[in-house]
S.K.: 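The structure's right below; bear with me while I get my questions together.
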Number of protein chains: 2
Amino acid sequence: MSNVVEHPADSLTDAELGFDLGTRLRAVREQYGLSQRELARRAGVTNGTISLIEQNKNSPSVASLKKVLDGIPLSLSEFFTLDLPSQDQVFFKARELLELAKGAISFRQVGRNLHNRKLQILHERYAPGADTGKLMLQHDGEEGGIVLRGRIEIVVGDQSRVLEAGDAYYFDSRQPHRFRNVGDQECELISVCTPPSF
Amino acid sequence: MSNVVEHPADSLTDAELGFDLGTRLRAVREQYGLSQRELARRAGVTNGTISLIEQNKNSPSVASLKKVLDGIPLSLSEFFTLDLPSQDQVFFKARELLELAKGAISFRQVGRNLHNRKLQILHERYAPGADTGKLMLQHDGEEGGIVLRGRIEIVVGDQSRVLEAGDAYYFDSRQPHRFRNVGDQECELISVCTPPSF
DNA sequence: GATTATTGTTTATTTTTTTAAACGATGCTA
DNA sequence: TAGCATCGTTTAAAAAAATAAACAATAATC
């Protein structure tokens, strides 16, 4: 009885595959080097359960899927949002940061493919007077950052503040927001946000 | 068969599941202005099913939870990663950053309550020679950062690099990793990671 | 005020999942 | 090669979830 497991190299997301929970669990389990029995022992279920789930012969209750994932360990949200095959670049020389905008405002991003990532990390520079504009930005996710030098005015919803070196911010990106360099020198900051992915 | 002590009928809540699935579903359903019956009709299940799920009186199979969410519509990953709205402090003066560690290695965090947040943003400082230790760190999530000044050696899995001002990194936090200041001056960087949420 | 919908909940019955144990296949070691 | 451990799979019985229908509470309409 040959154990043929479909493993297309370009198997990217569940959206394309129509959500193959069994294959996903098997991939995760194997990635962690666990046998069905070992995972079953840690999770407090039987090995048969895991076998049947991985073959999509039954659909586990959320409760028992949680039990299984606890044995890895992996949270439900991580399990469902997981992008399995992505071996990415880890280190980036300064010149390798991806230039997203260039001019009065400059965004230099860590990493290229945003779709596989949970974090968008930017090195931002604002020339004196530079402004993200009156039309306030608004998008899903959360964002925050720390100011490295200069003075920048940040408007979030009905709040507004001028931040200086060492100051920081954090807000829900669905609130309208705007950045403006109100100093007389260049302003620099590191920002990060969770990109809307799924 | 299991001789384990039976749990009371209503014990499918936080304790076992890690979060309150029933309340979560109810909140989402009401947010979309749907009655149990209307959602049941769209999802192709019975209203009783939804009632029982929302009371945590049974734990739906992933298959039926997916059916229910399709009626909203909402993906599984969206459902599990939903964050309850929380209005927090937006701006932080430099001195308000939360000091997590103080000594050869210093971590100063943006924001206090990590549980409601998707991002952990840190201002890290490493004294010359400072080291996160031979026991390599490993945890769920992803992380990245940008070096502001100094020289730091970062080991991720079987890869290793010395990064300098402007350089950056990004990796899956489940890979073992270690940070070490290999320069003769203090090293400073902004790091960010996705904390495990559930 | 009575009638009629619509809401969420509960209860027997059916359906599905989980268990416990056995099965065949593979790999290791003496 | 034989013996033994481990792997994933399969199957009858037990446990749990989904259904269908009845139940109670509230709001709307006549």
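Letters go in sequence order (proteins before strands), and every chain restarts at 1.
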S.K.: Regarding C/dT18, can its base be found pairing with the side chain of A/N58 as donor and acceptor, where the two atoms are less than 3.5 Å apart?
M.R.: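 There is none.
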S.K.: Considering only D/dT19, C/dT7, C/dT10, which nucleotide approaches the side chain of B/S51 most closely?
M.R.: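 That would be C/dT10.
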S.K.: Check every atom of D/dA18, C/dT9, C/dT19 against the side chain of B/T49 and return the nucleotide holding the closest atom.
M.R.: D/dA18
S.K.: Can you measure B/K57 atom NZ to D/dA17 atom P for me and round it to whole angstrom units?
M.R.: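 Nearest whole value for this atom pair: 13 Å.
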S.K.: Let me spell it out: for each of B/R37 and B/T46, pick the nucleotide of DNA chain D with the closest heavy atom. Which residue's pick is nearer the 5' end?
M.R.: B/T46
S.K.: CZ of B/R41 versus C1' of C/dT7: gap in Å, rounded?
M.R.: 16 Å
S.K.: Please give, in whole Å, the distance from D/dT9 P to A/Q36 CD?
M.R.: 5 Å
S.K.: Using atom types as modelled and distance alone, determine if a side-chain donor or acceptor of B/N181 lies under 3.5 Å from a backbone N or O of B/A127.
M.R.: yes
S.K.: Side-chain N or O of A/S61 less than 4.0 angstrom from OP1 or OP2 on D/dA16?
M.R.: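 Checking A/S61 against D/dA16: no side-chain N or O falls below 4.0 Å of OP1 or OP2.
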S.K.: Tell me the interatomic distance from B/N56, atom CG, to D/dA16, atom P, rounded to whole angstroms.
M.R.: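 Spelled out: CG on B/N56 to P on D/dA16 is 16 Å.
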S.K.: Please lay out, stage by stage, how A/E164 and A/R149 fare under the test salt bridge (Lys or Arg N to Asp or Glu O under 4.0 Å).
M.R.: CA-CA 6 Å; A/E164 301 175 350; A/R149 66 191 179 88; over 6 Å; no
S.K.: Can a donor-acceptor pair be found, under 3.5 Å and without considering hydrogens, that links the side chain of B/D131 to the backbone of B/R180?
M.R.: no
S.K.: D/dT10 P sits how many Å from A/I50 CD1, rounded?
M.R.: 16 Å
S.K.: Could you give the CD-to-P distance, from B/Q55 to C/dG8, as a whole number of Å?
M.R.: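 Computing the B/Q55:CD to C/dG8:P distance gives 11 Å.
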S.K.: Counting heavy atoms from C-beta on, name the nucleotide in D/dG8, C/dT19, C/dG8 closest to the side chain of A/S35.
M.R.: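 Of all the options, the side chain of A/S35 is nearest to D/dG8.
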S.K.: Between B/A63 and B/E38, name the one whose nearest nucleotide on DNA chain C is closer to the 5' end.
M.R.: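 The answer here is B/E38.
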S.K.: Can you label the angle between the A/Y126 ring and the A/F179 ring as parallel, tilted or perpendicular, going by 30° and 60°?
M.R.: parallel
S.K.: Between D/dA16 atom C1' and A/K67 atom NZ, what is the distance in whole Å?
M.R.: 12 Å
S.K.: State whether the distance check finds a donor on one side and an acceptor on the other, under 3.5 Å, for side chain A/N47 versus base D/dT9.
M.R.: yes
S.K.: Salt bridge check, A/E38 against A/R29: does any charged N sit closer than 4.0 Å to a carboxylate O?
M.R.: no
S.K.: Please state how far atom CD1 in B/I53 lies from atom P in C/dT10, giving the value in whole angstrom units.
M.R.: 15 Å
